[in-house]
Protein chains: 2
Amino acid sequence: MVDIRDIAKMAGVSTATVSKVLNNYSEVSEATKIRILKIVEEVGYIPNSSARALSTKRSWLIGIVYSEHLHIGLEHNYFSGVLEAFKRKVESLGYDVVFISGKDIGYLKRCQVRNVDGVFVVTADITDEGLRALLDSDIKCVTTDVPYKSIPLVYSDNRQGSLLAVRHLVELGHRRIAHIAGPLSSIAGQERLDGYRQGLAEAGLPYDESLVVEAGEYDAQSGYDCMNRLLQLPQAPTAVFVVCDLSALGVVRCISEHNLVVGKDISVVGFDDIELAAHVHPALTTLRQDRKTIGKILAETLIKRMNNETVEEKIVIPTKLIVRDSTSRID
Amino acid sequence: MVDIRDIAKMAGVSTATVSKVLNNYSEVSEATKIRILKIVEEVGYIPNSSARALSTKRSWLIGIVYSEHLHIGLEHNYFSGVLEAFKRKVESLGYDVVFISGKDIGYLKRCQVRNVDGVFVVTADITDEGLRALLDSDIKCVTTDVPYKSIPLVYSDNRQGSLLAVRHLVELGHRRIAHIAGPLSSIAGQERLDGYRQGLAEAGLPYDESLVVEAGEYDAQSGYDCMNRLLQLPQAPTAVFVVCDLSALGVVRCISEHNLVVGKDISVVGFDDIELAAHVHPALTTLRQDRKTIGKILAETLIKRMNNETVEEKIVIPTKLIVRDSTSRID
DNA sequence: AATTCTTTCGAAAACCTTTTCGTGAAATCC
DNA sequence: GGATTTCACGAAAAGGTTTTCGAAAGAATT
C-alpha cells in the first residue's frame, strides 16, 4: 500500500506539502498542487483514516444511537426516512455514520471508544441512565424525538398537524371525534393530544375524556386494542384521529372486523404518511411528516454544534394533510 | 484524556505491559494484571481506537453497503430485521457497523478509506460497476440477496417456501393459482417463481403463462398493478401467490377496490411476514423468513471469512408458512 | 555449582498523518 | 538599493497504541 511518503518522494516534495494539497490549504503553488494531484490519481493513493484521525483528533464518524424503545426504531418508516436524509447530508460533508449500541458498556463509553465527532439520538428511552450520561457529556448531540435539556431538537409541528386533522374532520361534519393518543411519555404523544384538544376547542366541541385512549406503543396492535375500547362505548365515535399510521392500520383492522366500513361508517386519520398509507385499502388520510427536511436540518444542526456554532434549540417543521379515502363526509 | 502511558506510569510498568493485559496476553503475571486492571477501571481509561487501528491495521469496523435498488432498502422489514440481527452479533464481538454509500467515489474506495475489516452487501444492483469492483476486491464480503461469484450467500429457502404456499392453496381446493413474481433479475424473484412452478407440477396442475406476471419492484404499487392485470383476465384466478408481503398488500387493495373480498373470493399468500402482515385486514397468510437466524449466520460467516477460514458459499434457511385470514377454502 | 529453561517485563520501532514554525527566495515597497 | 513583506515549502514533533525481541531473574535440571 502506497502512503503519503511515497507520494512525497515521487513528487519530490515533503509529506507536509502533500498533506497540504490533499486538505487543500492555500499555501502551496498551483504547479506543485497539480503535479501532486496527478500522482495521487495515478497511483490511487488513499489516505489512512486511522492515522488521520489520530493526528487530527477527529474520527469523521457520526454515531447513531437508537434502541427499539416503544417499538419504534429503524423499522419505523419515519425514522428510517429521517435517517436516510441525515446520512445523505453528513456523507456529503465527508462523515460516515456508525451505529452505537448501548449494550454492555453504555452509550457514552461506546461513543468515546469510537471517538465519534457527534451523535444523532434517534429514538431512545430518556429514563435510561446510560443515555442521559451521553446527553450530559460534552459530546455533541442532536435528536428528533427526545427533548432533554438544551439538546437541539428538530421535529414536526405536531400541534399544527393535529389541528389540521381535527379541522378536516370537523369540515366533513364530524362531531364525535375520538383520539387514540401515543404514549404520553413521548413528546409526539403529548403534543398531538394537545393539538387535538385545541382543534376541538376551535370548533366549539367539548372535550370528552371517554373519547381519548392512550396507546401503549406506536404500533398496530396498540391501535387495534384502543379502537376495540372505543367501539365498546355506548355511543361510538364517527371519526378517529390516530397518533400514527401504524396504529391507524390496527384501527382500520379493528373497524373492519366489526363489519363497519372505514371511510364510510367511521373516518380515520393517521399521522406520518408512511409509504404504505397510500397503498392499503382504504388509502389512509394522514399528516405527512417532512422526513427529508427534518433529516437534513438535523444534520446541519449537528455539524454546526460540532463546530461550536450556536444553534436553535428547537426547530419545528410543518406537516401536510394528505386526504385519501379513509375519511368522508358524515351522512 | 488519560492514555496508556499514564496508566503505565501509575502502575509502575511499561506501556507494553499495559497493552498486554488490555488485550489479555498470557505473558504477564496475575498480580500486575490485577493491579493494572484496577487502575484502568478507576481512572476510566479508554483506549484510543484510531491509534489502535493504526497499529493493528484493523479498524474493527464492518461496512454495510446498500442502495435503494428495486425499491428495497432499510425501509424494508426484511432487511432491517436481518441487519438488526447481524449488528447484534458483530457488536458482541467488538465490531461496529458503519454505513457505506457509493456516492461520489464508489463503494470500494469508501471501504478502503474507512479501512473496514469486512462488508455486508445488503441489497444492491449487481449491474453496478462500482459494486462489482468491491466484490472483486480482496475485501471480505457477505450478502443475502446478490449472488456473485463465490461471495458467501445466506438467505431463505425460496423454493421450499413457494412450494409450501402452493401446497397450502392446493389443499384449500384452488386450481387457478396465479403468481405475481418479483423482478426476475433478482434471485428471490427467480427462485420463488421456480418454487411456484414446482408446486403446480407437484399438484398436477398445468403451468399457465397468463397467470404469471412480473412485478417491476418489490413494493405495493407493483403488486397493485399486477393484480389489475390478473383481474382483467377472461377467467380470474381464485388465488394469488405474491412474491412479497408489501406487494401482497397492494394486491389486497386492488382486489378490495374491485369489490371482491380477500380471503373469500380470492385468496392471497405473501412472502416475508413483515410485522404488519398480522395487523392488516384481513391478516395476511405468508411465508415467514427467519430474519434473526439469517442475520446471525451472515455475521458469523463474515467473521470467519475475515479470519480466512473457509465457509460455505451458500447457506439456505427454511421458511415457515403462517396461515392467517387471507386464504380460505374455495367454495 | 553450573547450566538450561521459564517467566515476566521493557526499550524501541512501527503504524501514517497533520501541523507548527522556521527558512530562504522572490516580490514589493520607500 | 536596502528594508520589508509575501510566498512556497520542509524538518520535525506529535498523536497513542501494538509488537518484537532481548534481558533479567528466578526455577528447574544436570
Side-chain angles (χ1 to χ4, degrees), chain A residues 1-40 43-61 94-96 109 111-117, chain B residues 1-40 43-61 94-96 109 111-117:
Chain A
M1 207 70 233
V2 37
D3 66 23
I4 198 173
R5 293 167 298 200
D6 298 322
I7 303 290
K9 226 171 279 172
M10 293 185 222
V13 295
S14 73
T15 62
T17 305
V18 177
S19 176
K20 282 169 195 164
V21 340
L22 256 22
N23 297 285
N24 46 18
Y25 282 27
S26 52
E27 53 167 50
V28 41
S29 76
E30 198 60 22
T32 53
K33 181 172 172 178
I34 292 175
R35 180 158 44 99
I36 291 174
L37 250 22
K38 186 153 164 273
I39 296 178
V40 165
V43 305
Y45 164 67
I46 292 173
N48 180 306
S49 63
S50 305
R52 191 151 189 268
L54 183 59
S55 196
T56 58
K57 302 182 175 195
R58 306 183 64 177
S59 63
W60 294 94
L61 238 32
Y95 292 89
D96 280 314
K109 194 146 183 189
C111 286
Q112 290 171 331
V113 168
R114 267 305 164 193
N115 194 25
V116 297
D117 295 335
Chain B
M1 208 70 233
V2 37
D3 64 26
I4 199 174
R5 291 167 298 201
D6 298 323
I7 303 290
K9 225 170 280 172
M10 294 186 222
V13 295
S14 74
T15 63
T17 304
V18 177
S19 177
K20 282 169 195 163
V21 339
L22 256 22
N23 297 285
N24 46 14
Y25 284 24
S26 53
E27 58 168 51
V28 41
S29 76
E30 197 62 23
T32 54
K33 181 171 172 179
I34 291 177
R35 180 158 43 98
I36 290 175
L37 250 22
K38 186 151 164 275
I39 296 179
V40 165
V43 305
Y45 163 67
I46 292 173
N48 180 306
S49 63
S50 305
R52 190 147 190 268
L54 183 59
S55 196
T56 59
K57 301 179 176 202
R58 306 183 64 178
S59 63
W60 294 94
L61 238 31
Y95 292 90
D96 280 315
K109 194 148 183 187
C111 285
Q112 290 171 329
V113 168
R114 266 306 163 195
N115 195 26
V116 296
D117 295 335

task = Starting from the 5' end of DNA chain C, give me the residue, A:A51 or B:G12, whose nearest nucleotide shows up first.
result = B:G12
note = In whole angstroms, the gap separating C1' of D:dT6 from CD of A:E27 amounts to 12 Å
message = Quick check on C:dT18: is either OP1 or OP2 less than 4.0 Å from any side-chain nitrogen or oxygen of A:S19?
response = yes
task = Select base, sugar-phosphate, or nothing to describe what A:T56 touches, counting heavy atoms under 4.0 Å on all strands.
result = sugar-phosphate
note = A:N24 CG to C:dT19 P, in whole Å, measures 12 Å
task = Indicate whether OP1 or OP2 belonging to C:dG10 is found under 4.0 Å from a side-chain N or O atom of B:T17.
result = yes
ask   = Is any side-chain nitrogen or oxygen of B:N48 closer than 4.0 Å to OP1 or OP2 of D:dG15?
value = no
query = Contact class for B:S49 (heavy atom, under 4.0 Å): base, sugar-phosphate, or nothing?
reply = nothing
request  = Take the protein atom CG of B:N115 and the nucleotide atom P of C:dC15, then report the distance between them rounded to whole Å.
outcome  = 14 Å
Spacing between A:R35 atom CZ and D:dC9 atom C1', to the nearest angstrom = 11 Å
query = Per the atom types in the model, does the base of C:dG10 pair as donor or acceptor with the side chain of B:K20 at under 3.5 Å?
reply = yes
request  = Can you tell me the distance, in whole Å, between the CD1 atom of B:I4 and the C1' atom of C:dC9?
outcome  = 14 Å
task = Check every strand shown and say whether B:S50 touches a base, only sugar-phosphate, or nothing at a heavy-atom separation below 4.0 Å.
result = nothing
ask   = So, is B:S55 close to the D:dT19 phosphate, meaning a side-chain N or O under 4.0 Å from OP1 or OP2?
value = no
ask   = When you check the phosphate oxygens OP1 and OP2 of C:dC16, does a side-chain N or O of A:R5 lie under 4.0 Å from one of them?
value = yes
inquiry  = Using whole Å, what does the distance between atom C1' of nucleotide C:dA14 and atom CE of A:M1 come to?
reply    = 18 Å
remark   = By nearest-nucleotide position on DNA chain C, the 5'-leaning member of B:K33 and A:L54 is B:K33
task = Using only side-chain N and O atoms of B:Y45, determine if any of them is under 4.0 Å from OP1 or OP2 of D:dT17.
result = yes
request  = Answer whether the closest heavy-atom distance between the side chains of B:Y25 and B:K33 falls below 4.5 Å.
outcome  = no
Test side chain to side chain contact (heavy atoms under 4.5 Å, CB included) applied to B:V18 and B:D3, B:V13, B:V28, the passing residue = B:V13
inquiry  = How many whole angstroms separate atom CD1 of A:I36 from atom P of D:dA8?
reply    = 13 Å
query = A:Y25 has an atom OH; how far is it from atom P of C:dT17, in whole Å?
reply = 15 Å
task = Answer yes or no: is there a side-chain heavy-atom contact under 4.5 Å between A:N48 and A:R52?
result = no
request  = Report yes if a side-chain nitrogen or oxygen of B:S29 is closer than 4.0 Å to either non-bridging phosphate oxygen (OP1 or OP2) of C:dT7; otherwise report no.
outcome  = no
message = On the nucleotide D:dT18, are OP1 or OP2 found under 4.0 Å from the side-chain N or O atoms that B:R52 carries?
response = yes
inquiry  = As an exercise, state the distance from CD of B:Q112 to CE of A:M1, rounded to the nearest 0.5 Å.
reply    = 6.0 Å
pair A:N115-A:L61: side-chain heavy atoms closer than 4.5 Å = no
Validation row: A:V21, A:T32 side chains within 4.5 angstrom (heavy atoms) = no
task = Tell me which nucleotide among C:dA12, D:dG15, C:dG10 gets nearest to the side chain of B:S14.
result = C:dG10
